[in-house]
Number of protein chains: 2
Amino acid sequence: MTASTQQTHPNNQDQLLTPGEVATLFRVDPKTVTRWATAGRIGSIRTPGGHRRFRETEVRALLAELTNDVGSL
Amino acid sequence: MTASTQQTHPNNQDQLLTPGEVATLFRVDPKTVTRWATAGRIGSIRTPGGHRRFRETEVRALLAELTNDVGSL
DNA sequence: GTAAAGTAGGGTAATTCGGGCG
DNA sequence: TTTGTCCGAATTACCCTACTTT
(Lines give C-alpha, C1' and ligand atoms only; values in the text may rest on other atoms or scores of the structure.)
Protein backbone atom coordinates (compact mmCIF):
# COMPACT_ATOMS: atom_id res chain seq x y z
CA MET A 1 0.00 0.00 0.00
CA THR A 2 0.99 3.60 -0.41
CA ALA A 3 2.26 4.84 2.90
CA SER A 4 2.21 8.47 1.85
CA THR A 5 -1.37 8.86 0.76
CA GLN A 6 -4.41 8.15 2.85
CA GLN A 7 -6.54 6.27 0.37
CA THR A 8 -9.09 4.24 2.22
CA HIS A 9 -10.98 3.16 -0.86
CA PRO A 10 -9.67 3.37 -4.42
CA ASN A 11 -13.13 4.18 -5.57
CA ASN A 12 -13.18 6.97 -8.08
CA GLN A 13 -10.85 6.05 -10.87
CA ASP A 14 -12.74 3.11 -12.25
CA GLN A 15 -15.55 3.04 -14.72
CA LEU A 16 -18.79 2.01 -13.10
CA LEU A 17 -21.19 -0.46 -14.69
CA THR A 18 -24.91 -0.88 -14.21
CA PRO A 19 -26.40 -4.23 -13.12
CA GLY A 20 -27.67 -4.71 -16.65
CA GLU A 21 -24.18 -4.22 -18.06
CA VAL A 22 -22.66 -6.76 -15.70
CA ALA A 23 -25.53 -9.14 -16.37
CA THR A 24 -24.79 -8.94 -20.08
CA LEU A 25 -21.11 -9.72 -19.51
CA PHE A 26 -21.97 -12.82 -17.47
CA ARG A 27 -24.96 -13.83 -19.54
CA VAL A 28 -27.18 -13.86 -16.47
CA ASP A 29 -30.20 -11.99 -15.23
CA PRO A 30 -29.58 -8.58 -13.60
CA LYS A 31 -31.25 -10.03 -10.54
CA THR A 32 -28.46 -12.57 -10.28
CA VAL A 33 -25.86 -9.81 -10.28
CA THR A 34 -27.80 -8.18 -7.48
CA ARG A 35 -27.66 -11.43 -5.51
CA TRP A 36 -23.89 -11.58 -5.98
CA ALA A 37 -23.60 -8.10 -4.54
CA THR A 38 -25.89 -8.98 -1.65
CA ALA A 39 -23.90 -12.13 -0.95
CA GLY A 40 -20.68 -10.11 -0.89
CA ARG A 41 -19.20 -11.94 -3.84
CA ILE A 42 -18.69 -8.67 -5.71
CA GLY A 43 -18.14 -5.11 -4.56
CA SER A 44 -20.88 -2.61 -5.23
CA ILE A 45 -21.52 1.11 -5.02
CA ARG A 46 -25.02 2.33 -4.27
CA THR A 47 -26.47 5.52 -5.64
CA PRO A 48 -28.33 7.75 -3.17
CA GLY A 49 -31.45 6.29 -4.77
CA GLY A 50 -30.48 2.74 -3.89
CA HIS A 51 -29.42 1.50 -7.30
CA ARG A 52 -26.15 -0.40 -7.59
CA ARG A 53 -23.09 0.31 -9.69
CA PHE A 54 -20.16 -2.07 -10.18
CA ARG A 55 -16.51 -1.44 -10.93
CA GLU A 56 -15.57 -2.46 -14.42
CA THR A 57 -12.09 -3.52 -13.31
CA GLU A 58 -13.50 -5.72 -10.58
CA VAL A 59 -16.08 -7.23 -12.90
CA ARG A 60 -13.46 -7.92 -15.55
CA ALA A 61 -11.14 -9.41 -12.95
CA LEU A 62 -13.86 -11.68 -11.68
CA LEU A 63 -14.77 -12.62 -15.20
CA ALA A 64 -11.16 -13.43 -16.03
CA GLU A 65 -10.72 -15.34 -12.81
CA LEU A 66 -13.67 -17.54 -13.58
CA THR A 67 -12.59 -17.98 -17.17
CA ASN A 68 -11.02 -21.31 -17.90
CA ASP A 69 -8.96 -21.09 -21.06
CA VAL A 70 -7.16 -24.14 -22.34
CA GLY A 71 -4.42 -22.02 -23.85
CA SER A 72 -3.79 -24.46 -26.65
CA LEU A 73 -1.86 -23.19 -29.64
CA MET B 1 -7.89 27.80 13.66
CA THR B 2 -11.29 29.21 12.77
CA ALA B 3 -12.70 28.35 9.42
CA SER B 4 -13.50 31.84 8.27
CA THR B 5 -11.38 32.00 5.15
CA GLN B 6 -13.04 33.52 2.16
CA GLN B 7 -11.91 31.92 -1.04
CA THR B 8 -9.94 34.54 -2.91
CA HIS B 9 -7.48 32.05 -4.31
CA PRO B 10 -7.93 28.47 -5.54
CA ASN B 11 -6.61 27.30 -2.21
CA ASN B 12 -9.74 25.69 -0.91
CA GLN B 13 -10.22 21.93 -0.75
CA ASP B 14 -13.99 22.31 -1.08
CA GLN B 15 -13.89 22.39 -4.81
CA LEU B 16 -17.29 22.76 -6.39
CA LEU B 17 -18.43 20.16 -8.90
CA THR B 18 -20.99 20.52 -11.65
CA PRO B 19 -23.95 18.12 -11.96
CA GLY B 20 -22.17 16.52 -14.90
CA GLU B 21 -19.08 15.85 -12.80
CA VAL B 22 -21.08 14.26 -10.00
CA ALA B 23 -23.05 12.27 -12.53
CA THR B 24 -19.81 10.84 -13.91
CA LEU B 25 -18.66 9.79 -10.45
CA PHE B 26 -21.89 7.87 -9.81
CA ARG B 27 -22.36 6.70 -13.39
CA VAL B 28 -25.79 8.32 -13.60
CA ASP B 29 -27.49 11.00 -15.67
CA PRO B 30 -26.87 14.64 -14.69
CA LYS B 31 -30.61 14.95 -14.29
CA THR B 32 -30.47 12.28 -11.61
CA VAL B 33 -27.96 14.33 -9.63
CA THR B 34 -30.35 17.25 -9.88
CA ARG B 35 -33.11 15.06 -8.45
CA TRP B 36 -30.88 14.08 -5.55
CA ALA B 37 -30.39 17.75 -4.77
CA THR B 38 -34.13 18.42 -5.04
CA ALA B 39 -34.89 15.46 -2.80
CA GLY B 40 -32.38 16.69 -0.26
CA ARG B 41 -30.20 13.59 -0.58
CA ILE B 42 -27.20 15.77 -1.34
CA GLY B 43 -26.30 19.34 -0.44
CA SER B 44 -26.19 21.83 -3.28
CA ILE B 45 -25.21 25.42 -3.91
CA ARG B 46 -27.17 27.47 -6.41
CA THR B 47 -25.57 29.97 -8.72
CA PRO B 48 -27.35 33.31 -9.22
CA GLY B 49 -28.60 31.84 -12.49
CA GLY B 50 -30.16 28.83 -10.80
CA HIS B 51 -27.56 26.22 -11.69
CA ARG B 52 -26.40 23.82 -8.98
CA ARG B 53 -22.90 23.16 -7.73
CA PHE B 54 -21.84 20.39 -5.36
CA ARG B 55 -18.99 20.21 -2.87
CA GLU B 56 -16.39 17.67 -3.86
CA THR B 57 -15.72 16.69 -0.26
CA GLU B 58 -19.40 15.97 0.33
CA VAL B 59 -19.71 14.04 -2.91
CA ARG B 60 -16.61 11.97 -2.17
CA ALA B 61 -17.81 11.29 1.36
CA LEU B 62 -21.19 10.18 0.06
CA LEU B 63 -19.56 8.00 -2.55
CA ALA B 64 -17.29 6.37 0.01
CA GLU B 65 -20.18 5.89 2.40
CA LEU B 66 -22.23 4.08 -0.20
CA THR B 67 -19.32 1.95 -1.33
CA ASN B 68 -19.37 -1.69 -0.36
CA ASP B 69 -16.08 -3.33 -1.06
CA VAL B 70 -15.87 -7.08 -0.90
CA GLY B 71 -13.60 -8.16 1.89
CA SER B 72 -11.84 -10.82 -0.13
CA LEU B 73 -8.50 -12.12 1.11
C1' DG C 1 -22.46 40.60 -28.66
C1' DT C 2 -22.21 35.88 -30.56
C1' DA C 3 -21.51 30.92 -30.25
C1' DA C 4 -21.06 26.40 -28.03
C1' DA C 5 -21.70 23.60 -24.08
C1' DG C 6 -24.03 22.63 -19.95
C1' DT C 7 -28.05 22.86 -16.99
C1' DA C 8 -32.99 23.43 -15.55
C1' DG C 9 -37.71 21.88 -15.89
C1' DG C 10 -41.44 18.76 -17.41
C1' DG C 11 -43.09 14.35 -19.20
C1' DT C 12 -42.73 9.38 -20.44
C1' DA C 13 -40.30 4.81 -21.10
C1' DA C 14 -36.84 1.65 -19.30
C1' DT C 15 -34.26 -0.19 -15.55
C1' DT C 16 -33.64 -1.59 -10.85
C1' DC C 17 -35.17 -2.68 -6.18
C1' DG C 18 -37.08 -5.93 -2.79
C1' DG C 19 -39.63 -9.95 -1.53
C1' DG C 20 -41.50 -14.27 -2.67
C1' DC C 21 -42.27 -18.54 -5.57
C1' DG C 22 -40.83 -22.56 -8.69
C1' DT D 1 -27.84 -23.81 -3.16
C1' DT D 2 -28.12 -21.09 -7.29
C1' DT D 3 -30.79 -19.12 -10.87
C1' DG D 4 -34.96 -17.37 -13.32
C1' DT D 5 -39.36 -15.29 -13.19
C1' DC D 6 -43.64 -12.55 -11.39
C1' DC D 7 -45.31 -8.64 -8.77
C1' DG D 8 -45.67 -3.69 -7.15
C1' DA D 9 -43.06 0.34 -6.18
C1' DA D 10 -39.27 3.37 -6.66
C1' DT D 11 -35.41 5.21 -9.21
C1' DT D 12 -33.23 6.35 -13.31
C1' DA D 13 -32.73 7.46 -18.47
C1' DC D 14 -34.04 9.92 -22.57
C1' DC D 15 -37.19 13.14 -25.08
C1' DC D 16 -38.13 18.16 -25.64
C1' DT D 17 -37.40 23.58 -25.16
C1' DA D 18 -35.57 27.61 -22.56
C1' DC D 19 -32.04 29.77 -19.74
C1' DT D 20 -27.23 30.11 -17.76
C1' DT D 21 -22.31 29.65 -18.01
C1' DT D 22 -17.98 30.05 -20.35
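Naming convention: chains lettered A, B, ... in sequence-line order (proteins, then strands); numbering from 1 in each chain.
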TODO: When you get a sec, tell me which of D/dT12, D/dT5, C/dT7 is the closest nucleotide to the side chain of A/D29?
DONE: D/dT5
Open item on the list: Using whole Å, what does the distance between atom P of nucleotide D/dT3 and atom CZ of A/R27 come to?
Closed with: 16 Å
- [ ] Ignoring backbone atoms, establish whether B/R41 has a side-chain N or O less than 4.0 Å from OP1 or OP2 of D/dT11.
- [x] yes
TODO: Would you kindly give the CD-to-P distance between B/E21 and D/dT22, to the nearest whole Å?
DONE: 13 Å
Open item on the list: Any side-chain to backbone donor/acceptor pair from A/T32 onto A/V28? Under 3.5 Å, distance only.
Closed with: no
Task: Phosphate OP1/OP2 of D/dT12: any B/W36 side-chain N/O under 4.0 Å - done: yes
Open item on the list: Please determine whether a side-chain nitrogen or oxygen atom of B/T18 lies at a distance below 4.0 Å from atom OP1 or OP2 of C/dG6.
Closed with: no
Task: Evaluation steps, side chain to side chain contact (heavy atoms under 4.5 Å, CB included), between B/T34 and B/R52 - done: CA-CA 8 Å; B/T34 298; B/R52 296 185 182 86; 2.7 Å; yes
Task: Test item: A/Q15 and B/R27 side chains (from C-beta on) under 4.5 Å apart, heavy atoms - done: yes
Task: Separation of C/dT16 C1' from A/F54 CZ (nearest whole Å) - done: 10 Å
- [ ] Report the distance from atom CD1 of B/I42 to atom P of D/dT11, rounded to the nearest whole Å.
- [x] 16 Å
Task: Nearest-Å distance for atom pair CZ/P, residues B/F26 and D/dA13 - done: 12 Å
TODO: Counting Watson-Crick and G-U wobble pairs only, both distances under 3.5 Å, name the nucleotide matched with D/dG8, or none.
DONE: C/dC17
- [ ] Identify the two heavy atoms, one from B/L62 and one from A/P48, that lie closest to each other, and give their separation to 0.1 Å.
- [x] CD2-CG, 3.8 Å
- [ ] Rounded off to whole Å, could you give me the CG-to-P distance for the B/L16 and D/dT20 pair?
- [x] 20 Å
TODO: Give one of base, sugar-phosphate or nothing for A/R35, where a contact means two heavy atoms less than 4.0 Å apart.
DONE: base
- [ ] Calculate the interatomic distance between B/R53 atom CZ and D/dT20 atom P; express it in whole Å.
- [x] 13 Å
Task: Under-4.0 Å side-chain N/O to phosphate OP1/OP2 contact, B/R52 with C/dG9 - done: yes
Open item on the list: Looking at A/T32, I'd like to know whether one of its side-chain N or O atoms comes within less than 4.0 Å of OP1 or OP2 on D/dG4.
Closed with: yes
- [ ] Report the nucleotide, chosen from D/dT12, D/dC15, D/dT5, that has the shortest atom-to-atom distance to any side-chain atom of B/K31.
- [x] D/dC15
Task: Proximal nucleotide (of D/dG4, D/dA13, D/dC19) relative to the B/H51 side chain - done: D/dC19
Open item on the list: On a heavy-atom basis, which atom in B/F54 and which in B/S44 lie closest, and how many Å separate them?
Closed with: CE2-CB, 3.7 Å
Open item on the list: Side chain of B/T47, heavy atoms from C-beta onward: which of C/dT7, D/dT3, D/dT20 has the nearest atom to it?
Closed with: D/dT20
Task: C/dG1 pairs with, by Watson-Crick or G-U criteria that keep both distances under 3.5 Å - done: none
